[in-house]
Amino acid sequence: MRSLDIILTTAVREAVVKLYGKDVPASKVQLQKTRREFSGDVTLVVFSLSPFSAKGPAETAQEIGNYLTGHLNEVEGFNVIKGFLNLNISASYWADFLNAVLSDAHFGRTTADAALSPVMVEYSSPNTNKPLHLGHIRNNLLGFSISRILEASGRKVIKVNLVNDRGIHICKSMLAWQKFGNGETPESTGKKGDHLVGDYYVRFDQAYKKEVEEFIAKGYNREEAENASPIMAEAREMLRKWEAGDKEVRALWHTMNSWVYEGFDETYHQLGVNFDKIYYESETYKLGRKLVLEGLEKGLLFRKDDGSVWADLSDEGLDQKLLLRSDGTSVYMTQDLGTAHQRFTDFDLDRHIYVVGNEQNYHFQVLSIILAKLGFEWAGKLYHLSYGMVELPEGKMKSREGKVVDADDLVDEMVRTAKEMSDELGKLGAIPDEDKEKIYYQIGLGALKYFILKVDPKKNMTFNPKESIDFNGNTGPFIQYSYARIQSVLRKAGETPAQVPATYDMNEKEISLIKTIYDFPSVIQAAANEFNPALIANYLYDSAKEFNQFYHDYSILKAESEVAMSFRLILSAIMGDIIREGMYLLGIDVPERM
RNA sequence: GGACCUGUAGCAUAAUGGAUAGUGCAUCUGGCUACGGACCAGAAGGUUGGGGGUUCGAGUCCCUCCAGGUUCACCA
């Protein structure tokens with residue numbers, strides 16, 4: 001069936017031609033859901049049409065309203081308030097609409113066009129020297145959710161992870177393991193591999209700081225002291241050996257990284273995220289050098305006297321950016337130029353999304369500019385999905401100060417609290433223990449994920465571990481609860497009717513619910529266009545809340561008539577499907593009971 | 001200092017340039033022998049950081065000032 005927006009837009013343009021002899025662009029036809037406090041279903045904002053009619057907004061609205069009621073079966077009445085034309089949509093349109101939704105197993109989802117190029121989403125991108133923390137959680141949840149949202153909006157998606165497995169940071173852990181450890185392994189200690197390696201990174205940092213302080217006490221200034229530190233010199237030497245392919249160093253590197261990957265896999269599994277492809281920096285860090293040299297040859301870049309190669313971005317109001325050091329080696333930017341080029345060569349990408357924290361805004365701005373400068377027409381297809389920091393109530397997290405909220409600890413804490421609260425409410429009495437554990441997990445993770453995803457990504461957010469486990473209000477568990485309750489009612493009712501009863505006279509709240517249902521596909525599109533899962537989250541909350549109120553106001557299983565019951569069961573079933581589908585897009589499970 | 005981002009009740013958040021700025025937490029009042037109370041109904045709480053401007057209309061766009069954050073490495 002045709003969407004209401006299209007029917008109305010077409011008819012409004014037609015009306016303006018017939019009434020005023022003018023052709024209005026579709027973009028000037030502004031339709032929106034009528035606000036709750038006014039009567040009507042859909043509102044046409046007439047101000048922008050007023051110039052075409054050469055009449056006042058109210059008069060224009062009146063005339064267009066008359067035209068629409070006269071020409072469209074879907075419009076059965078209207079009222080005008082100032083420049084707003086509020087249209088009443090016929091019950092039969094809504095009934096047809098609901099029937100269409102019932103026969104659509106994936107309402108709201110746009111099926112992918114096979115000819116469409118895929119979108120690549122890079123997210124997570126951890127370093128292999130320490131475990132994941134709260135900031136990574138936001139990254140992973142955003143990346144995974146936006147991938148699902150893009151898929152639901154009809155795009156093909158390739159989820160990739162670029163693991164930063166090489167560099168001085170991992171050498172620090174390796175060195176500390178050699179110096180201070182006793183051959184510990186994840187097996188021998190029972191510790192997750194990423195935590196074990198992370199502990200040695202901390203040990204390195206402590207030893208390094210101690211050395212620096214000692215040199216300062218001897219009268220060095222800080223910079224001199226840092227340069228004089230023997231342990232740092234050792235780490236640099238280890239990196240040099242790594243780059244030279246030293247067998248022993250490579251073997252240790254391989255071993256310790258493999259511990260970390262096992263640990264990460266567990267955390268990813270807990271968070272419910274996954275990837276289609278994993279890139280390793282050890283395999284890509286040399287990419288880009290060739291591109292830079294080619295750019296240099298073409299005169300797009302320039303070389304300084306010391307041999308280093310730079311991009312001049314002064315035309316864009318920025319500084320110069322180093323691309324190759326004076327010794328000819330690459331920097332971070334060079335790598336990213338190379339990996340982007342590699343990916344656009346390997347795949348015909350429609351977009352490339354980088355889910356990376358906002359401290360790298362400048363980096364990605366420059367990345368796009370340099371790629372454009374080098375003449376790649378796909379430079380404009382990069383998009384940096386930038387997100388704000390996650391702060392604690394006490395202040396900014398500082399990994400060096402040990403104030404990080406560890407991802408694994410946090411997940412455990414959420415699940416534990418979910419269990420405590422559920423047990424207190426005692427609603428899961430008859431369910432087998434094994435199922436209970438699963439439900440606690442779903443609730444705990446649902447609380448965490450929803451809390452983080454409901455916030456606009458670009459904003460910094462405060463994560464309060466205590467308050468986040470408040471299961472009231474705009475929370476994941478509230479939405480999960482609404483779903484479980486709907487399923488409970490549907491179980492009791494038996495079979496859900498397959499068709500909207502033809503004779504039923506819908507009340508105002510039922511129509512309001514239908515309008516909410518009607519919005520779902522456009523919310524998915526908006527979330528995909530803006531790369532913002534928060535739009536889905538807030539829509540789900542509003543819907544769940546509205547539906548709870550509906551539950552409260554109207555009996556479903558004891559409705560005043562058979563047709564009313566059928567109708568309300570259909571609304572319930574559809575709303576349940578929307579919640580399940582919407583939560584799926586956020587990467588959140590919904591329990592059948594809780 | 002330059003660039004970018006953010007600023008909405010005590011706290012946390014929402015609002016394709018549209019109508020009286022929604023919502024939750026906390027606070028206060030009322031409602032459970034229940035289609036599932038992890039709920040619902042109601043009250044109180046706002047000069048949308050300040051000031052200009054554009055517009056029929058500004059939390060939203062422009063200018064300016066203030067506050068906070070990030071960044072401006074031959075680190076990644």
Side-chain angles (χ1 to χ4, degrees), chain A residues 27 30-32 34-38 43 45-48 50-51 56-57 81-84 86 125 127 164 166-169 281 285 304 306-310 316-319 321-333 335-336 357-363 365-366 386 388-389 391 393 396 421-422 424-425 427 443 451 454-456 458-464 467-468 470-475 477-478 480-482 484-490 492-493 522 526 529-530 534-535 537-539 541-542 545 548-549 551-559 565 568-569 572 593-594:
Chain A
S27 62
Q30 289 182 66
L31 292 165
Q32 57 192 248
T34 303
R35 287 194 158 218
R36 231 171 270 290
E37 56 269 31
F38 301 100
T43 295
V45 184
V46 186
F47 293 101
S48 55
S50 203
I81 298 173
K82 293 191 271 180
F84 298 92
N86 301 319
S125 308
N127 291 347
N164 183 5
R166 64 161 284 279
I168 190 76
H169 51 85
E281 279 201 15
Y285 79 109
K304 287 194 179 174
D306 62 4
S308 56
V309 179
W310 299 72
E316 282 79 10
L318 302 171
D319 295 337
K321 182 74 194 173
L322 177 83
L323 294 176
L324 290 178
R325 297 187 183 102
S326 47
D327 64 7
T329 55
S330 298
V331 294
Y332 177 45
M333 180 63 72
Q335 280 181 52
D336 266 4
N358 63 9
E359 68 272 12
Q360 295 200 32
N361 284 356
Y362 178 73
H363 173 79
Q365 187 191 356
V366 171
S386 165
M389 272 184 321
E391 295 174 62
K396 199 185 146 187
M421 298 191 77
S422 287
E424 201 177 307
L425 284 158
K427 295 206 171 202
I443 296 171
F451 188 88
K454 75 172 176 177
V455 181
D456 185 341
K458 70 171 178 280
K459 289 192 176 184
N460 288 354
M461 65 178 293
T462 307
F463 183 81
N464 185 327
E467 285 177 17
S468 73
D470 185 345
F471 287 1
N472 289 314
N474 187 357
T475 65
F478 170 70
Q480 289 173 319
Y481 170 75
S482 305
R485 193 194 206 185
I486 289 171
Q487 299 317 304
S488 169
V489 168
L490 294 177
K492 284 189 180 135
S522 58
N529 292 338
E530 294 176 34
L535 301 184
N538 288 304
Y539 168 82
Y541 172 65
D542 289 343
K545 191 182 177 201
N548 272 325
Q549 289 163 358
Y551 255 49
H552 187 257
D553 292 345
Y554 295 98
S555 174
I556 290 173
L557 296 180
K558 297 173 196 157
M565 183 168 132
R568 288 169 192 171
L569 283 172
S572 305
R593 56 191 88 210
M594 63 187 276

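Every heavy atom of this structure was used, including side-chain atoms; hydrogens, water molecules and symmetry mates were not. Chain letters run A, B, ... following the sequence lines, proteins first and then strands; every chain starts at 1.
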Pair partner, [N] [Watson-Crick or wobble, under 3.5 Å]:
| N | result |
| --- | --- |
| B:A21 | none |
| B:A34 | none |
| B:A3 | B:U70 |
| B:U16 | none |
| B:A58 | none |
| B:A9 | none |

Send over the distance from [X] [atom1] to [N] [atom2], rounded to a whole Å.
| X | N | atom1 | atom2 | answer |
| --- | --- | --- | --- | --- |
| A:Q30 | B:A19 | CD | P | 11 Å |
| A:R36 | B:A15 | CZ | C1' | 14 Å |
| A:I81 | B:U20 | CD1 | C1' | 12 Å |
| A:F47 | B:U55 | CZ | C1' | 12 Å |
| A:F84 | B:C56 | CZ | P | 15 Å |
| A:I486 | B:C39 | CD1 | P | 15 Å |
| A:Y481 | B:C35 | OH | P | 10 Å |
| A:E316 | B:C4 | CD | P | 13 Å |

Taking the minimum atom-to-atom distance to the side chain of [X], which one of [options] wins?
| X | options | value |
| --- | --- | --- |
| A:Q365 | B:A3, B:U20, B:A76 | B:A3 |
| A:I556 | B:A19, B:C35, B:U16 | B:C35 |
| A:Y541 | B:C35, B:G36, B:G24 | B:G24 |
| A:Q360 | B:A76, B:U13, B:G36 | B:A76 |
| A:T43 | B:A19, B:A76, B:C35 | B:A19 |
| A:Q32 | B:G18, B:G69, B:U20 | B:G18 |
| A:Y332 | B:U16, B:A76, B:U70 | B:A76 |
| A:L318 | B:A3, B:C35, B:C72 | B:A3 |
| A:M461 | B:U13, B:A19, B:C40 | B:U13 |

How is [X] classified with respect to the nucleic acid when contacts are heavy atoms under 4.0 Å: base, sugar-phosphate, or nothing?
| X | result |
| --- | --- |
| A:T329 | nothing |
| A:E37 | nothing |
| A:Y539 | nothing |
| A:Q480 | nothing |
| A:N86 | base |
| A:L535 | sugar-phosphate |
| A:D327 | nothing |
| A:M594 | base |
| A:V45 | base |
| A:A493 | nothing |
| A:S482 | nothing |

Looking at A:E424, I want to see if its CD is surrounded by more than 12 non-hydrogen atoms of other residues, nucleotides or ligands under 6.0 Å. no
Most 5' of A:M333 and A:R35 on RNA chain B, judged by nearest nucleotide: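 Its nearest nucleotide being more 5', the pick is A:R35.
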Where each residue is assigned the nucleotide of RNA chain B containing its nearest heavy atom, which of A:Y362 and A:Q549 is assigned the position nearer the 5′ end?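 Upstream on the strand: A:Q549.
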Under 4.5 Å between any side-chain heavy atoms of [X] and [Y], yes or no?
| X | Y | answer |
| --- | --- | --- |
| A:N358 | A:K458 | no |
| A:F84 | A:V45 | yes |
| A:F47 | A:Q30 | no |
| A:K454 | A:Y541 | no |

Work out how far the [atom1] atom of [N] is from that of [M], and round it to whole angstrom.
| N | M | atom1 | value |
| --- | --- | --- | --- |
| B:A12 | B:U48 | C1' | 16 Å |
| B:G10 | B:A15 | C1' | 22 Å |
| B:G30 | B:C35 | C1' | 23 Å |
| B:G57 | B:U47 | P | 24 Å |
| B:G7 | B:A76 | P | 33 Å |
| B:G1 | B:G18 | C1' | 41 Å |
| B:U64 | B:A19 | P | 28 Å |

Does [X] put a side-chain nitrogen or oxygen below 4.0 Å from OP1 or OP2 of [N]?
| X | N | answer |
| --- | --- | --- |
| A:K459 | B:A14 | yes |
| A:R325 | B:C75 | yes |
| A:R485 | B:G37 | yes |
| A:K545 | B:G24 | yes |

Please confirm whether A:R485 makes a cation-pi placement over A:Y551, using NZ or CZ under 6.0 Å from the six-membered ring centre and within 45° of the ring normal. no
Ignoring hydrogens, what is the shortest heavy-atom contact between A:N548 and A:S482? Give both atom names and the distance.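 Minimum heavy-atom separation between A:N548 and A:S482: ND2-OG, 3.1 Å.
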A:N538 and A:N474: which non-hydrogen atoms are nearest, and at how many Å?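 What the structure gives for the nearest pair is OD1-ND2, 3.5 Å.
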Any donor-acceptor N/O pair, A:R325 side chain to A:S308 backbone, under 3.5 Å: no
Distance-only, no hydrogens or angles: does the A:N460 side chain make a donor-acceptor pair with backbone N or O of A:G388 under 3.5 Å? no
